[in-house]
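Notes to accompany the following structure.
Chain A is the first sequence line, chain B the second, and so forth, proteins listed ahead of strands; every chain is numbered from 1.
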2 protein chains.
Amino acid sequence: MVTDEKATSRKPLTRDRVLAAAVELADEAGIEALTMRSLAERLGVEAMSLYHYVANKEDLLDGVCELVLEEINDAVAEQPPATGPDDWQGVMRTRILTARTVVLRHKWLPSVLETRTTMSPATLYYHHDILAIFRAGGFSYDLAHHALHALGSRAIGFTQELFDPAPGSVDEDEAMEAFQQMAAQVPLLVEMLSEVAHEDPESTIGWCDDQTEFEFALDLMLEGLARRLAEEQARR
Amino acid sequence: MVTDEKATSRKPLTRDRVLAAAVELADEAGIEALTMRSLAERLGVEAMSLYHYVANKEDLLDGVCELVLEEINDAVAEQPPATGPDDWQGVMRTRILTARTVVLRHKWLPSVLETRTTMSPATLYYHHDILAIFRAGGFSYDLAHHALHALGSRAIGFTQELFDPAPGSVDEDEAMEAFQQMAAQVPLLVEMLSEVAHEDPESTIGWCDDQTEFEFALDLMLEGLARRLAEEQARR
DNA sequence: ACCTGAACACCGTTCAAGT
DNA sequence: ACCTGAACACCGTTCAAGT
């Protein structure tokens, strides 16, 4: 009668419980810590038991991506709809930035999502909604199709940054020294960095998905798409 | 005296030979086939011997990326310089598309490069040159810095596509049938795909780094950056 | 100095066996 | 039906030992 919510290990295993535990494990310990054995241990079970709920590890990873995309769809569902046909740009912007807040809670998602080979239902649903916003804004299917490709993962709120240092792995003094040494080889990079004056002086363009840079690039794309839309409509 | 060029297995091992063999192996059999054991076998040696030339597998992967980036720098070095200060956009475009031709010869590069945490010398050099083009075009360091972030991996000629099916894994009939079934759930996606009529009808936005889509997005970014530059110069 | 063989600590996954 | 233990075929990597 009185169910003990904490004693999750006593509830029967289900696919959903397995996937939810996998997401928690990845959030807490990183995606490399998500192994069949460690996941089983967290669930108080042997590794082989998991194969009753997931076909194999790939299926597990498909499942955790699906779970996060459902979380994104939920977050996005509370958004206000477009106020008019000319509002597509603002709606798209807040939609993508909302998705991004969810992705930032699951930092491992980009790397896993990029290894998926099929779009899950929740992913299809998300992109269907994105497409609907473009269509409401007056995009032809052809232009909307280019737009979806151009946005790529940015539509889901992330871009895979190149060369982001592992957290805590940066020795600032050492990095600064290394940079001084290559001043002769790459003087412009050194000068640029001394001018923009990051908190982290060693991270040239390698800074994980910083919010400001994300929005800068997103606005560049959205403005560009607006221009392509205007060109398309002028042609008619 | 007469060196047999084919008998590579008899030449003494060097770091360069190890890295070059690793690149070949990845090109031929895919990045997942690049293991210490298989690489050793290709070189006619035991796996443990490799540790005299690379510190560990991460170091090996750093090395193969460095090798490809040197290949990109070589390819790009033959390019004509800018014809004038207003030519930065054209120079940047051909530079990036040239880099892309090299990346397409090493399809595994994107996934490996995105797991690197430090920029190798060749990578720094490449980006230094990109920065030089922006500077010659009149960009402030601040704007050029945003531009480098916005381009991200696109500067090197690739974007990690979401959901590109493994080559040869697509069963067209099966995929088409699956799509018909979800017509009710995602009607706009279905309608869009029937209109744009890909060769591969099942790949919604999942199509690996197609040249047309790459150039569409690249031009969007470059035009956007040109606009930001004009805004910046108007402000002075 | 360069290479090797055996071994260790991990993986994902199979299989037959338990309840 | 659900879970388990032992085992297999892989990994990267260590260590002491060969030449």
Side-chain angles (χ1 to χ4, degrees), chain A residues 3 7-26 28-66 108 111-112 114-118 166 169, chain B residues 3 7-26 28-66 108 111-112 114-118 166 169:
Chain A
T3 57
T8 49
S9 58
R10 286 156 70 203
K11 288 192 295 192
L13 238 44
T14 62
R15 181 173 229 263
D16 282 346
R17 275 195 64 222
V18 169
L19 296 181
V23 169
E24 283 172 30
L25 183 55
E28 291 169 17
I31 191 67
E32 72 284 349
L34 176 58
T35 67
M36 300 302 276
R37 283 173 169 88
S38 66
L39 178 57
E41 190 180 18
R42 168 179 270 257
L43 288 163
V45 99
E46 293 299 314
M48 300 316 122
S49 306
L50 301 176
Y51 286 85
H52 283 267
Y53 307 99
V54 295
N56 47 41
K57 182 141 190 202
E58 281 299 291
D59 186 35
L60 175 69
L61 293 178
D62 283 344
V64 297
C65 287
E66 177 73 348
W108 45 268
S111 63
V112 181
E114 261 158 14
T115 61
R116 300 305 89 201
T117 52
T118 59
S169 77
Chain B
T3 57
T8 49
S9 58
R10 285 157 71 202
K11 289 192 293 191
L13 237 45
T14 62
R15 180 171 229 262
D16 282 346
R17 274 195 65 219
V18 169
L19 297 180
V23 169
E24 283 172 30
L25 182 55
E28 291 168 16
I31 192 65
E32 71 284 348
L34 176 57
T35 67
M36 299 303 276
R37 283 172 169 86
S38 65
L39 177 57
E41 191 180 18
R42 167 181 272 257
L43 289 163
V45 99
E46 294 297 313
M48 301 315 121
S49 305
L50 301 177
Y51 285 84
H52 282 267
Y53 307 99
V54 295
N56 47 41
K57 182 140 191 204
E58 281 299 290
D59 187 35
L60 174 70
L61 294 178
D62 283 344
V64 297
C65 287
E66 177 73 349
W108 45 269
S111 63
V112 181
E114 261 158 14
T115 61
R116 298 309 87 200
T117 54
T118 60
S169 77

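Scanning both residues, L19(B) and V64(B), for their nearest heavy atoms gives O-CG1, 3.9 Å. The two residues A22(A) and L60(A) make their nearest non-hydrogen contact at CB-CD1, 4.0 Å.
Against DNA chain C, the stretch residues 52-61 of chain B makes heavy-atom approaches under 4.0 Å through H52(B), Y53(B). Heavy-atom distances under 4.0 Å link DNA chain C to T35(A), M36(A), R37(A) of residues 34-41 of chain A, given in residue order.
With sequence neighbours left out, A29(A) forms a side-chain contact (heavy atoms from CB on, under 4.5 Å) with L25(A), A33(A). Scanning for salt bridge (charged side-chain N to carboxylate O under 4.0 Å, His left out) contacts around E41(A) gives an empty result, with sequence neighbours left out. Scored by the side chain to side chain donor-acceptor pair (under 3.5 Å) test, S38(A) finds T35(A) as partners (sequence neighbours excluded). Listed by chain and residue number, nothing satisfies the side-chain contact (heavy atoms from CB on, under 4.5 Å) test with E32(B) (two or more places apart in sequence, or in another chain).
The distance from atom CD of E28(B) to atom CG of L34(B), rounded to the nearest 0.5 Å, is 11.5 Å.
Screening residues 56-66 of chain A for salt bridge (Lys or Arg N to Asp or Glu O under 4.0 Å), with sequence neighbours left out, gives R15(A)-D59(A), E58(A)-R116(A), D62(A)-R116(A).
Reading DNA chain D from its 5' end, the first and the last nucleotide to sit under 4.0 Å from a heavy atom of chain B are dC11(D) to dT14(D).
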Could you give the side-chain donor-acceptor pairs of residues 43-55 of chain A under 3.5 Å, partners two or more places apart or in another chain?
unit_1, atom_1, unit_2, atom_2, d
S49(A), OG, E46(A), O, 3.3

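Stems are defined here as 3 or more consecutive Watson-Crick or G-U wobble pairs with pairing distances under 3.5 Å; those involving DNA chain D are C:4-8 with D:12-16, C:12-16 with D:4-8.
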